[in-house]
Amino acid sequence: MTRNQPQPFVSRQDITPSPQDDKPKALRIDADLLIPGRGKPISNATLIFSQGTILHVGPTTSLSKDHARLEAERKVPFLMPGLWDVHVHFFGEASPSLENVAYTQPALAGFRAARDMLSLLDAGFTSVREVGGYGVDFKTGIDEGWIPGPNIYSAGAPLSQTAGHGDLHSVPLSLMHDKIAAGMPLALADGVDEAIKATRTQIRRGAKLIKICSTGGVMSRIDSPRAAQFTNKELEAVVEEARRTGLVVASHAHGTEGIIAAINAGVHTIEHGSYLTKEAIDLMVQKKIMLVATRTIVANGVDNPDTMPPDSYKKLLEIADSNRKSYEAAIKAGVKCALGTDLGLSNAKLGFHHGMNGREFGYAVEAGMTPLEAIEAGTANGPDTLGPQAPKSGILKEGFDADFIALERSPLEDIKVLAKPDEVSHVWKGGRLVKEPGRGVSILEC
Ligand SMILES: [Zn+2]
């Protein structure tokens, strides 16, 4: 590939012809234990894949003659699907003050975030759902093959009312509107017509879901996480507009009133869900609405008071406990969960940054999931947060994307192995081996 002529990404493994014929070569990996993502783990298992798609998964003893003849490329102790983080941001911001988004040149933001792409793959995350940021653009760059990175399913700009969670409260409003028009990945909408227009604007940019903020938040300056935002009519208009294009809506929602309003408007996922009541939980079970609790940002934010503005830290302390208790209650009641961290800053010195996304598995177990359930939430359930846009991913099964990782130690015995990139020995994305012992994820390999 020449740098000035981007070509669709084709891995070297994909184009290696088999010696017998011109058919793409099938590759084989053997594992002492294969954790499929959904369903029971299989001991002494084999996975066969070709051209980015899984062809077969099952016990090594029951392989077809053709597959049995293949020599295993790799033999690993533990094999499982590539991990999914369903709540990330790519703003390319180095400081936790959100107002900077308005003053950072997009080229610089992209440069910083490039490192996040490598960190995510290195940590075993082959797919992310980005609920606000430059993800739509990074997806294009990764798909074109400029740098390696996860599959990105992005919402484009998160929709906020004026003075809402996605507004930058100290930035002059006229400047906000200018920057948004010029491509800053935030969106302000007031009234049904603007809500519809903002939804269509994200679809136009390539969004795979729509993100709204139905309550205030922690990192925004003047609003309270408990305060409901957007009217019911605005929320319903967004959900309806998204639905007509086959997209689901994810709602940032801490406070109960905004959670219930989002549920009644028909959103697909509740993000954070810090003040869930029994009524909210019952409705989520009944309407099959998923929860993404984002414990990583909450827990690691609490542990790093010096890294965020004092007002935001105060708000974080207020929601931290009920965020955890709501998660526990939701798991107990059978709310379907996926794992999302809310990591989004490009600065490894902050104490919360891309690469530590696997910590979310440990928090899920602490909140009441078994390790196997946490793995399902962080793999197979990931695509489900995208509704009709869900790719065939997150499960080691015939016909699914060939995204998988290998580990030296069992995550079923110690879930925290998934929190450490060093424990992830191999990463395959789209059938291509991008990390193995002695060879890390490299920007020069595309
Ligand atoms: Zn977020």
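All ligand and atom numbering here is 1-based and tracks the order in the structure.
For an aromatic pair to be called close, the ring centres must be under 6.0 Å apart, and W84 with Y153 satisfies this. Remark: aromatic rings of Y327 and Y363 are distant, center separation not under 6.0 Å.
Between D143 and K139 there is a salt bridge, with a side-chain nitrogen of the basic residue lying less than 4.0 Å from a carboxylate oxygen of the acidic one. Residues R324 and E328 are paired through a salt bridge, judged by an N-O separation under 4.0 Å between the basic side chain and the carboxylate. We find that E376 and K336 are not joined by a salt bridge, their nearest charged nitrogen and carboxylate oxygen being 4.0 Å or further apart.
The number of protein N, O or S atoms lying under 2.8 Å from the Zn ion (ligand 1) is 3.
Screening residues 274-302 for salt bridge (charged side-chain N to carboxylate O under 4.0 Å, His left out) gives K278-D282 as the qualifying pairs, with residues at least two apart or on separate chains.
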